[in-house]
Number of protein chains: 2
Amino acid sequence: MPDEHHPDHAPLELEHFLPYRLSILSNAVSQAIADDYQRRFDLSMTEWRVMAVLARFDGLSAREVAERTLMDKVAVSRALSKLVETGWVTRAIHDGDKRRSVLGLSEAGWAIHEVVAPMAREHERNLLSKLDDEERSWLVRILDKLQAIEPK
Amino acid sequence: MPDEHHPDHAPLELEHFLPYRLSILSNAVSQAIADDYQRRFDLSMTEWRVMAVLARFDGLSAREVAERTLMDKVAVSRALSKLVETGWVTRAIHDGDKRRSVLGLSEAGWAIHEVVAPMAREHERNLLSKLDDEERSWLVRILDKLQAIEPK
DNA sequence: ACGTTATAGTTACATATGAAACCATTTGCA
DNA sequence: TGCAAATGGTTTCATATGTAACTATAACGT
């Protein structure tokens, strides 16, 4: 909790500064997971996110993938070109709109997914195991509130 | 809360996956702050973190700055060379160990700090204002637990 | 003292990322 | 219809970042 006794311009104590703490925690967690599938499948985090979204929503366009993952379209485009090349994602052209692509996991892509999804879940479980039930439910509630549309 | 009814290999629902949520939240928060001081002072996040640490601990070496900020030494080295060049940080050589540098904020550096620190605090307050007291204290407690040394 | 090893910090290179320009196609509307 | 504006997606370029190699100095063990 920010200490009211420090004047506003006093040096920040990074280790108690919420944005900093979130950043450290988030990076540590994401990196641990990413290292895992990176090492085993040479799959980047953006690529995995694209695959995860296509596993749930088959036939999306690239723009829709970008929306769902909150990544920008350039990142998605790059991830897709690699994924299509390695054969884990299929890309067709939308009939009726030649600009749009129609994306989905290939058989091989599903096979990767079958391995990586449980891996990711395992990391999450591991993280949550540090909390008790009460803490877990507060965490979800707090995240929901904090994420209620960032008002700049 | 992860839903027990989904088998482990089912498609991840990113929007309920804790590591993903943390990453989105953390990026949004940090980016909002960074945009702010970036625009006004052409100061990157790593540079600001170096300055924040030097505001609290005068005379650190580069390695110590890296430890305190959890950034790697190359990032710190680069940040420092820019900060020294713009004149916001002073760098001397440790007497008795010519490898070590002795770092600190300059007058100009302090002036920047006086503006940026309150800005950062304001963003944090803004974020925390979405929570009530009870939620805030749970959040701190939860972060403490989650951050208790990542056991890989 | 002296060579080996460790440490502080920088440089070089390879890769990742983001913004803007770009191409193709489609939409909106005069 | 036909042409300006919008949209989907890729390419280009400039910048950021991480890893490994490197330089200089210091510490250690004999």
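In what follows, chains carry the letters A, B, and so on, assigned in the order in which the sequence lines appear, proteins first and then strands, with residues in each chain numbered from 1. Worth knowing before you read on, the calculation uses all heavy atoms, side chains too, and leaves out hydrogens, waters and symmetry mates. Treat the numbers as computed from the prediction; the structure is a model and nothing was measured.
- In this structure, L80(B) places its CG atom 15 Å from P of dT17(D), rounding to the nearest Å.
- The side chain to side chain donor-acceptor pair (under 3.5 Å) check on E114(A) picks up nothing, with sequence neighbours excluded.
- Taking atom CE on M71(B) and atom P on dG9(C), their separation rounds to 13 Å, with Å as the unit.
- R68(A) forms a cation-pi arrangement with F57(A), by the criterion of a distance under 6.0 Å to the ring centre and an angle within 45° of the ring axis.
- Rounding to whole angstrom units, CZ of residue R63(A) and C1' of dG8(D) are separated by 8 Å.
- A 4.5 Å side-chain heavy-atom check between E47(A) and V76(A) finds every atom pair outside the cut-off.
- An OP1 or OP2 oxygen of dG9(D) is reached within less than 4.0 angstrom by a side-chain nitrogen or oxygen of S61(A).
- S77(A) has a side-chain polar atom (N or O) that falls below the 4.0 Å cut-off from OP1 or OP2 of dT10(D).
- Nucleotide dA26(D) holds its P atom 10 Å from the NE2 atom of H94(B), rounded to whole Å.
- Remark: C1' of dA16(D) and CG of L43(B) are 15 Å apart, rounded to the nearest angstrom.
- In summary, the side chains of Q31(B) and D35(B) do present a donor paired with an acceptor at a separation below 3.5 Å, with no hydrogens or angles considered.
- Regarding D95(A), its CG atom lies at a distance of 15 Å from the P atom of dT25(C), rounded to whole Å.
- Using cut-offs of 30° and 60° for the angle between ring planes, the W48(B) and Y37(B) rings count as tilted.
- I93(B) places its CD1 atom 14 Å from the C1' atom of dT23(D), with the value rounded to the nearest Å.
- Residue S101(A) is in sugar-phosphate contact alone, with no base atom involved, counting any heavy-atom pair closer than 4.0 Å across all strands shown.
- When R136(B), R141(B), E135(B) are each tested for a side-chain contact (heavy atoms from CB on, under 4.5 Å) with W138(B), only one passes: R141(B).
- In this model, the phosphate group of dT10(D) is approached by a side-chain N or O of R91(A) to a distance below 4.0 Å at OP1 or OP2.
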5' to 3', nucleotides 16-24 of chain C under a 4.0 Å protein heavy-atom cut-off (B base, S sugar-phosphate only, - none) gives -BBBB---B

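- Between the C1' atom of dG9(C) and the CG atom of L103(B) lies a distance of 11 Å, rounded to the nearest Å.
- Other residues, nucleotides and ligands contribute over 12 non-hydrogen atoms within 6.0 Å of the CG atom of D132(B).
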